Amino acid sequence: MQAKKRYVLLVSFIVFVALLYNGLKWNAKRAENELANVERKSANNDEDSFRASNTKSFLSRDMLQVLPSFSEQEYYDDGDEYVESPKERRSTREHVYKNRKCRMESCFDVELCHRRGFKIYVYPNSGEKMSPNYKSIIASIRSSHYYTNNPEQACLYVLSYDTLDRDPLSSDYIHNLGAKISQLKYWNNGKNHIVFNLYSGTWPDYLEDLGFNLGEAILAKASFGDNFYRTGFDISFPLFGKTHPFKQGQGGLLRSNYFPPRRKYLLSFKGKRYTYGIGSSTRNALYHIHNGEDIIMLTTCKHGKNWINFSDDRCLTDNEEYDKWDYQALLHNSTFCMVPRGRRLGSFRFLESLQAACIPVVLANGWMLPFAEIIDWKTASLPWEERLLLQVPSTLREFDDDVIMSLRQKSQFLWEKYFSSVDVIIRTTFEIIYDRIYPDQARPSFTWNMEPGGLFYLPSYSTFIHDYPFYHHYLDIDVTQQFTAVIQATTPITSSSAPVVKLVKTLLLTEACSQIVIIWHCARSPPSATRWQTLALETGKEVIIIDDQPKLMGRRFHPFREIRHNAILSLDEDATLNVQEVDFAFEVWRSLPDRIVGFPARSHFWDEAKSKWVYTSKWSNSYSMVLTGAAFIHRYYLALYTDWLPLQVRNMVDQTSNCEDILMNMLVSHVTRRPPIKVTQKKQYKDTSPNQAQSGVLPSGGVITKWSDPQHFAERQVCMKSFVESFGYMPLMMSEIRFDPALYKDNVSITRKRYPKIEI
Amino acid sequence: MPETNLARHRFDTLVLAPITILVMLEGTVENFAHRRNERRSIRYLNSVNCASRYKHKVDNIMALRREHQVVILIGLVAVLLLLWQLGGFSLKRKEETVATSLHLDTVNKLPKYVVEVDSLATSAKTDQKCKMHNCFNVYKCGNKEANQITVYLYPLVNYVDVNFDSITPSISKEFYELYSSIASSRYYVDDPTKACIFLPPIDLLNQNLVTAAAVGPILNSLPHWNHGMNNLLFNMLPGKAPDYSTSLDVPHGKAIVAGGGFSHWTYRNEFDVSIPVFSPLTQAATLSAPPAYRKWLLTSAQVNLHNDFRVELEAIASENRDFLLLEKCRNVPENVPLNQTRCWRKEQKPYPQILQESIFCLILPTVRLGQSALSDALRTGCIPVFVCDTYVLPFSEVLDWKRASIVLYENHLPKVIDKLRKISPFEIKRMSGQVDFFWREYFSSMSSIALTTLQIINDRVFPEVAKGYTDWNKAPGVSSVQSPLFLPLMPPESDGFTAVILAYDRVESMFKLIMSLDRVPSLRLILVIWNNQQKPFPARREWPIIDHDWKVIQTSQNKLSNRFFPYKEIKTEAVLSIDDDIVMLTTDEIEFGYQVWREFPDTLVGYPPRLHLWTEDRHLRYQSEWTNNISIVLTGAAFYHNYFNYLYTYKMPGDIKDWVDEHMNCEDIAMNFVITNHTGKAPIKVSPRKKFLCSECITGGSLSLDETHMVERSTCMNHFMEMYGMLPLKAVNFRADPVLFKDEFPEKMKKFSNMGSL
C-alpha cells in the first residue's frame, strides 16, 4: 500500500510537470502567432509580397539590386588564364578518355568519314561459324548504298566474326575472339569499328561483358544498362529473336484504329519467373497487381531442369494459372503489356508487344530502350520505375482514350519503321551514326518520331524540312505555289508543231508553272536553248534543256540541280494536257503533296492461278498506279528514287527503258502506305490508242516508249515480279476515287465553273 | 544570437534525430501507399498486424497477478504521459519548422550559423554512376493528386567559422531569384517531410567563389542531405583554374546537379540537368525591336577566346565580308560598362545590341563549355552556331536544338561560312522563330531556368504526365497539327459503318431512310437518336422490317450534341451521321462515300458542301451557294471516324458545345471545326450536285433557307473562330467521284453507277 501511495505521488508529479510545460509552451506559441500576424500585416504593404504565400516574403526590387551578381568578372578574367589551346585540349581528350570512357570526340575518327565519305566495310568471311541473324546483318550492310568493298575507302568497319551471342555457354560463342580480332589489319584498337551484340555475360551474374577487349569500337548491344552504355557513342540495340525476318517481314498487327481503344484486358504479362538471383525480384513482385479480371500477371517457375529445387510457395498455384492462358491471345487483347526485366534487362517481349500494338509498360530500371538516342519512347510506351510497381494499375486506368490512341499508333509506327526486320534495324543503326558524324545535317528529333520516319529523311537530299512532303501540317508550312515541269524528250523535233513544242506552249500558259526543264533523251543533239527562251520570253518563265548523259530511262527522275521547285510535273513529250487540267491537278497535289497526282491510271491484281502479281492496263473501277508520263510528284521522291532504291531495280528500268512509272508508284506507296491520286482529264490519254505508239530501237541508245508493243507489256509483268521481290512485299495500294473539280459536270452554268475546259 | 541558433540546432539533431528518422520512415511507407489507390490493401495489411500484436499484449497482462495490475496501470499512465510529452516535442518541432520557414526578405542580414568544418563528417564523394533509379528516392515524391514533385528550400543562412568569417559565398542576386521563384512556384512546400527535392541554402552558381573543402562537409551535414539523395544543386560556372572541371567541383554524392557547362563525361545522363549560363551583365541592356534585315551572316562576339581560335576566325573574317569578328575594346571611356561594348576595327559597338544585326552567332568554348554568350545570342534572336565539342547543350534532354541551331565539330570551324550560306531564308526564318521561343520560355530569367529544370525532373518522376516533344518544342501560336489518326491504316472494307440518325418527329421520312440505308452493303448498324422529349419513338411493330440491326436511343434532353456522342453501341470506326429527312441519297452514293472515307479515314467525308468567306471587315460569312470551293460539308449526311465523336464531346475548346446546344444550330459547323483543327485537312465532298430537300434544316424542320438562318450560321462561325483563336477551316476545289464517273464505259460494269441521279 505504501508503494501505491508513492506511485500516485509520482504520477501526479509527472502530470503536474507535463501540464506546466505544455501550458507554458501554449502561451509561447500564442505570443509567437501574434508576432507573426504583425509581421504579415506589414509585409502585405510591400508590392512584391502579393504573389507570395503567407509564410514567404521577398526582398523589394531595390534591395535586390544591391545583391552582387554571381559572375561579375567572368568576361575579362578567365581568358588570361587560358593555357591549353583547343588543339591541345582535343589531343589530351583523345588520350585520357579511352575504352570505357569513349565518346565520339575521343574515340572515333570523324575526320576519316569527312575525308572518305560515310562508307562501311565488312571484313571478308573469317571461316568461323555465323548465326543466321549475323548473316542477315552482314547482308543488309552489303546491300546498303553506304557499303564499300575497299577498306582504304571506308570510315566504318564491321567484323565478320559473329559477336551476337557472347554468352560463353552458348553454342554460337567464338572462343579466343580477342586474339583473333586484334590481328585484323584495320582493327587499330577498335577505332571506327562497330560491334553488334544481342547477349552478353552469363549465369549467374550476367555482367555486360563481351569476353574480349572492345577498345574504342562502338558497341551496338541489346539489353544495355545505362551505366555500361557510353552516352552518345554506343548504340542501344533491340533484342530480336532467331526468326526475325531479314527484310520487310510481317508488318504491324494493328489492322484498324478502332475506337474506343481499350481492349478486353488492361494489362497482361505471361512469362518465366526466377525465384532467386539477379533480376528475379522484378517478376517475383508481379503477382501483387494481378487481379484475374483486367490485369493478368502470369508467371511460371517451370523452366530449367532443377526448377523444383528452387520453387517457392507460389510456384504451384502460379504454374497452374499460367497454363490456363494463351500468350498470343493475351498479347492481342490487352491494351498494355508488361515488359519486366528478366535475367538481362531487355526481353523479346518488348518487340512482340510493339508488333501487336500492345503498349509496353517497361519495368527494367536502368535499361536503355532500343535506339533511345533517337526514339521518344515516352510517346509509345510507359517506362516505369520498378519501385513503384503498385502504382501501375491506377496510372493506367487514368489514361484518357486519346492518349491510348496515340500511344498505340506510335508503338505500331516504331515497330514498322525501325524494328520490323533486321534490315531496318541495321539501317537505323547506321543512320544514327551518320547523324553523329555530320551534326549539321542531323535529323530533327520529330522526323524520327513521326510518319514516315527517319529512314525516309535523306540528309543528302536536303536538311531543310520544307523540302520534304510530310511535315507541312506539323510545322504549319505552306506548300509551294509554283512547280517545275520536267519533260523527257526522246524524239527529234522536226517542226514547230511537234508535240513537245505544243506541250511547252501549253505549260507557258499555266500560271503556276514557272520553270520547264527538258531532259534531252534523244540521240540527236538538242535544239539550241535560245529557241526555247524566245518562246518563253514574254512569260518570264524559264526553259532549260539538259542534254543528259547517259540517256537512260531512270534519268527522267534524276533530281537535277537545275530544278528549282519542290513540285514537279513529270511529263512525256507527247502528253496532251490543257491548261486547266494542269492547274486543277496542281491544286489537288498541293492538298496532298506526299502523293503522286496524275491522270491515266493503271492497276494490279493477284493472279491466284499463276500465284503472282499481275499488271493490267484495263479500265477498271480501281487503280493502284498513275502513269508518270503526266503526274505531279514531289522532288523528294526523285531523290529517293535515285539515292535510296537499290541499284538492281533501277538498272532493270534502264535496261528495258520501261517500268519507271511502276517503280515510282511502288516507291511512293512504300513511303506513304497510301495509293496515288487520279484526277479527271478531258481526253483519254495516248496509250489507249494504239496508233500513237512508237516502236523500234533508236540507234544510239535513246530512250523510247512503246506502249502497244506486246513485248512492252510482258516486260512490265517481269518488272512487277522483281520489284515486289526487292521491296519484300507488294507496296501498291488500291484506290477507287478520282478527284474532279467541285462542280464537274454539275448542272450549273458553265460560266460559273472554274475548270470548264476539263469538261468540254 | 548565433550561439542560440547553434544551440537549437544541436539540440534538435541530438534529441530529435531518432524521432525524425521514425517520422521519415513512416513518411516513406505512407507516401508509398498514398501515391496511388493501392492504399487500401496496404492499410489492411497493417491493421491486421497491429490487431494481432495488441491481442498478444493483452493476453500477457491477463496472466499477471492482480496486485501488480495497479502498478502496471500506473506505469502505463506514466508512459502515456511521457509519450504525450514527446508528442509535444515533435508537435513543437513541426510548428517551429513553419515558423522559421523561408524569410527571403532578410537575405542581406542572414542569421549566422557557426560550423567547425573540421569537426563535421567528411564530404560525400560525388557518385559518377548516378541515375534516377539508383540515386533518387521516388517514395518521397508522393504528391500523386497533382502528379507533381515538391521542393523544400532550406532557410537561407550564412555559414561562418568560429571567428564569424563567412565560409560560404554570400547570396548572389541570381541565386536569390532562383530561390524566390521556386518559393513562389507550385512546387514549393514548407514542410521538409513532404518534400521530394531539397535545395541546399548555399549559392554554388559560381565555383570560383566556393571553397570546396568547406562546402562539401557542410552539405553533408544538412539534415535532409542523406548522401545527397533528392538534393538539387544549381551551378552555372563550374571548375576553377587551371584545369576547369566541367561539373561542379564540390563533392556532392548523389545530389542532382543542374549545371551550366557539362561535358559528355561529367554529365550523368538523365540524372543531371544541363542548364544555360545566365548572362546578368547584358540583362541590364535594353533592346530595341530587331531590324527587319540582319546585315551580318555570322558574328563572333566572345572576348575571352583562345588565341588559336582567334587566328582561325581572323582568317575567316579576311575572306568573308559578312562575318563580323568583334573583340575586346581597349581605351573605353569611363562611363561605358566594359562588358556592354565590343569593338570592330576600333569602332565601338553596343553589346548585345550588335547581335541583333546578325543572323547567326558563333558559340565557341572558352575555358569553360557553357557560355553566357549563348544567352545573349538567344536574347537577340541570333541563331547559335555551336562549335563546342563535347558540350551538353542546355536542356537538351527536352529541347530539340537541331531546330534552333547549327552544330559543327571544332575541326570544321573553317568551313562554317560555307555551311551557313547554304541555308535558305525560309529555313532561317523558321529557326529564328524557334530561337525566340526557346529564349522566352526557357532561358530569359533565372526563374524560367529554375522552373524548366524542375519541370524536367518532374517529367522523369511522373513519366505518365510528362510533357511531350511537341509541347516542349512547339512555339505557341503556330497552328501546327498532327492528325490524331496518323498511322496510315486503311480500315478493312468488311468493317463497315454505323449509321447514326438524328430523329425528332419525321417518322415517315425516317422509315424511308432506314429502308434505303438497309440496302447499303457496308452498313453494319442503324442507331436512331430520338431527340424528341414529348413524343416517344414509334412502337417496335411500326418500324419497317430490315435485314440490319437497328437500335433506338431515347435521349434525356433535346440537345444537338446527342448526335455526336461516342455511343458504346458504335462498334465500327466509321460513323455515318445522317438527318432523318435525307432520303435522296442512292445506295451507290452512300457506299461510295464509305469507300472514300476508308481512303481518307481522318477526314470528314460528306455530301452537301458549304464554304466560308471573309467579309471586308475580317469576319466570316457562311456561304451555301454551290461554288468551286468547299470548306465545310454538312453533317446531315457525312462519314467520319468515331474518334471525332469523342473529341467533340470531351475536348472541344471554350463553350462551343454549350453554345450549339443553346442555339440549337451549327453542330455541323462545330464538327467541321473539330476535324479540320485536329487534322489540318479539309473535308471531302462526295458525288455530284444533288438537290437536298431542306438541306439546311437541322431539327424540328421549322428553319428554312432564309436570311436569318444565314446570319445565325455566320455568327456561329465567328464565335467558334474566337474560341479556337484562329480559323482552322481549309478550302479545296475538288470533290471525290468514282474512277469511272461519267466516263464512256458500260454503266453496268461500273461499280458505282447510280451517282448523281435524283
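So that the names make sense, note that chain A is the first sequence line, chain B the second, and so on, each numbered from 1. Since we're looking at a predicted model, the values are computed, not measured.
- Donor-acceptor pairing under 3.5 Å is lacking for the side chains of B/N642 and A/Y258.
- For chain A, the nearby part of B/K651 is the side chain; its heavy atoms alone come within less than 4.5 Å.
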Apply the test side-chain contact (heavy atoms from CB on, under 4.5 Å) to residues A/M450 and A/Y471: give CA-CA distance (whole Å), side-chain angles for both, the deciding distance (0.1 Å), then the verdict. CA-CA 9 Å; A/M450 65 188 282; A/Y471 312 116; 4.2 Å; yes

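- For chain A, the nearby parts of B/V481 are the backbone and the side chain; heavy atoms of each come within less than 4.5 Å.
- When each of B/V596, B/L647, B/D400 is checked for heavy-atom pairs under 4.5 Å with chain A, B/D400 comes out on top.
- In this structure, no portion of A/H472 lies under 4.5 Å from any heavy atom of chain B.
- Residue A/E385 touches chain B through its side chain alone, counting heavy-atom pairs closer than 4.5 Å.
- Proximity to chain B (any heavy atom under 4.5 Å) is shown, for A/E416, by neither the backbone nor the side chain.
- Looking at A/T672, the atoms closer than 4.5 Å to chain B (heavy atoms on both sides) all sit in the backbone: N, CA, C or O.
- Considering only heavy-atom pairs separated by less than 4.5 Å from chain B, the leading option among A/K410, A/R397, A/Q412 is A/K410.
- The shortest distance between side-chain heavy atoms of B/F426 and A/F464 does not fall below 4.5 Å.
- Under the salt bridge (Lys or Arg N to Asp or Glu O under 4.0 Å) criterion, B/D308 pairs with no residue, sequence neighbours left out.
- Contact annotation for B/A466: only side-chain heavy atoms (C-beta onward) come within less than 4.5 Å of a heavy atom of chain A.
- Only the backbone of B/M132 comes within less than 4.5 Å of a heavy atom in chain A; its side chain stays farther off.
- A donor-acceptor pair under 3.5 Å links the side-chain atoms of B/W265 to the main chain of A/K101, judged by distance alone.
- Both the backbone and the side chain of B/F741 come within less than 4.5 Å of a heavy atom in chain A.
- The closest donor-acceptor contact from the side chain of B/S184 to the backbone of B/S180 lies under 3.5 Å.
- Using a 4.5 Å cut-off on side-chain heavy atoms (C-beta onward), B/V686 and B/R735 make no contact.
- Inter-residue side-chain proximity for A/S735 and A/Y623 is flagged as met; some heavy-atom pair is nearer than 4.5 Å.
- Proximity to chain B is limited to the backbone of A/T463, based on heavy atoms less than 4.5 angstrom apart.
- Residue A/K678 touches chain B through its side chain alone, counting heavy-atom pairs closer than 4.5 Å.
- Ring planes of A/H114 and A/Y438: tilted class, angle from 30 to 60°.
- Of the residues considered (A/R673, A/Q441, A/E105), A/E105 shows the highest number of contacts with chain B, using heavy-atom pairs under 4.5 Å.
- Contact annotation for B/E270: neither backbone nor side-chain heavy atoms come within less than 4.5 Å of a heavy atom of chain A.
- Two rings, from A/Y474 and A/F446, have their centers less than 6.0 Å apart.
- With a threshold of 4.5 angstrom between heavy atoms, B/P601 approaches chain A through side-chain atoms but not through N, CA, C or O.
- With a 4.5 angstrom heavy-atom cutoff, A/M734 touches chain B only via backbone atoms.
- Among the candidates A/D440, A/T231, A/V110, A/N257, the residue making the largest number of heavy-atom pairs closer than 4.5 Å to chain B is A/N257.
- Judged purely by distance below 3.5 Å, without hydrogens or angles, the side chains of B/D203 and B/S172 pair a donor atom with an acceptor atom.
- For the residue pair B/E174/A/S69, the side-chain donor-acceptor check at 3.5 Å is satisfied.
- Residue contact with chain B, scored on non-hydrogen atoms closer than 4.5 Å, involves the backbone and the side chain of A/L743 alike.
- The contact between A/R443 and chain B is made entirely by backbone atoms, counting heavy-atom distances below 4.5 Å.
- With B/L237 as the fixed residue, the side-chain contact (heavy atoms from CB on, under 4.5 Å) test singles out one of B/V277, B/L209, B/L205, B/N208: B/V277.
- Interface residue A/R90: only side-chain heavy atoms are found under 4.5 Å from chain B.
- Contact tally against chain B (heavy-atom pairs below 4.5 Å) for A/D740, A/N747, A/N365: the top residue is A/D740.
- At a 4.5 Å heavy-atom cutoff, the contact between A/D376 and chain B is made by side-chain atoms alone.
- Between A/F259 and B/Y646, the distance separating the two ring centers is shorter than 6.0 angstrom.
- Of the atoms belonging to B/Y650, not a single heavy atom falls under 4.5 Å from chain A.
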With side chain to side chain donor-acceptor pair (under 3.5 Å) as the test, would you mind laying out the steps for A/R230 and A/Y97 before giving the verdict? CA-CA 11 Å; A/R230 295 169 292 183; A/Y97 299 110; over 6 Å; no

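- Proximity of A/R754 to B/N629: side-chain heavy atoms (C-beta onward) are separated by under 4.5 Å at one or more points.
- Interface residue B/D495: only side-chain heavy atoms are found under 4.5 Å from chain A.
- Although no hydrogens or angles enter the test, the distance criterion places no donor-acceptor pair under 3.5 Å between the side chain of B/D602 and the main chain of B/S483.
- Most heavy-atom pairs under 4.5 Å with chain A, from the set B/N269, B/L408, B/I406, B/T390: that is B/T390.
- Put simply, the side chain of A/P261 reaches to within 4.5 Å of the side chain of A/M405, judged on heavy atoms.
- Looking at B/T679, only its backbone comes within 4.5 Å of chain A, counting heavy atoms on both sides.
- Both the backbone and the side chain of A/S445 come within contact range of chain B, each with at least one heavy atom under 4.5 Å from a heavy atom of that chain.
- Residue with the most contacts toward chain B among A/S106, A/P439, A/A601: A/P439 (heavy-atom pairs, distance under 4.5 Å).
- Annotation: maximal heavy-atom pairing with chain A below 4.5 Å, among B/I630, B/V732, B/D459, B/L485, occurs at B/L485.
- Between A/E759 and A/Y744, some side-chain heavy-atom pair lies under the 4.5 Å cut-off.
- In this structure, the portions of B/K751 lying under 4.5 Å from any heavy atom of chain A include both its backbone and its side chain.
- Interface remark: A/D467 contributes no atoms to any contact with chain B (heavy atom separation under 4.5 Å).
- Residue B/K402 touches chain A through its side chain alone, counting heavy-atom pairs closer than 4.5 Å.
- Only the side chain of A/R674 comes within contact range of chain B, with at least one heavy atom under 4.5 Å from a heavy atom of that chain.
- Side chain of A/Q409 to backbone of B/L487: a donor-acceptor contact under 3.5 angstrom is found.
- Interface summary for chain B: among A/T379, A/V679, A/D401, the most heavy-atom pairs under 4.5 angstrom belong to A/D401.
- Only the side chain of B/K730 comes within less than 4.5 Å of a heavy atom of chain A; its backbone N, CA, C and O stay farther away.
- With a 4.5 Å cut-off on non-hydrogen atoms, B/I423 touches chain A through its backbone and its side chain both.
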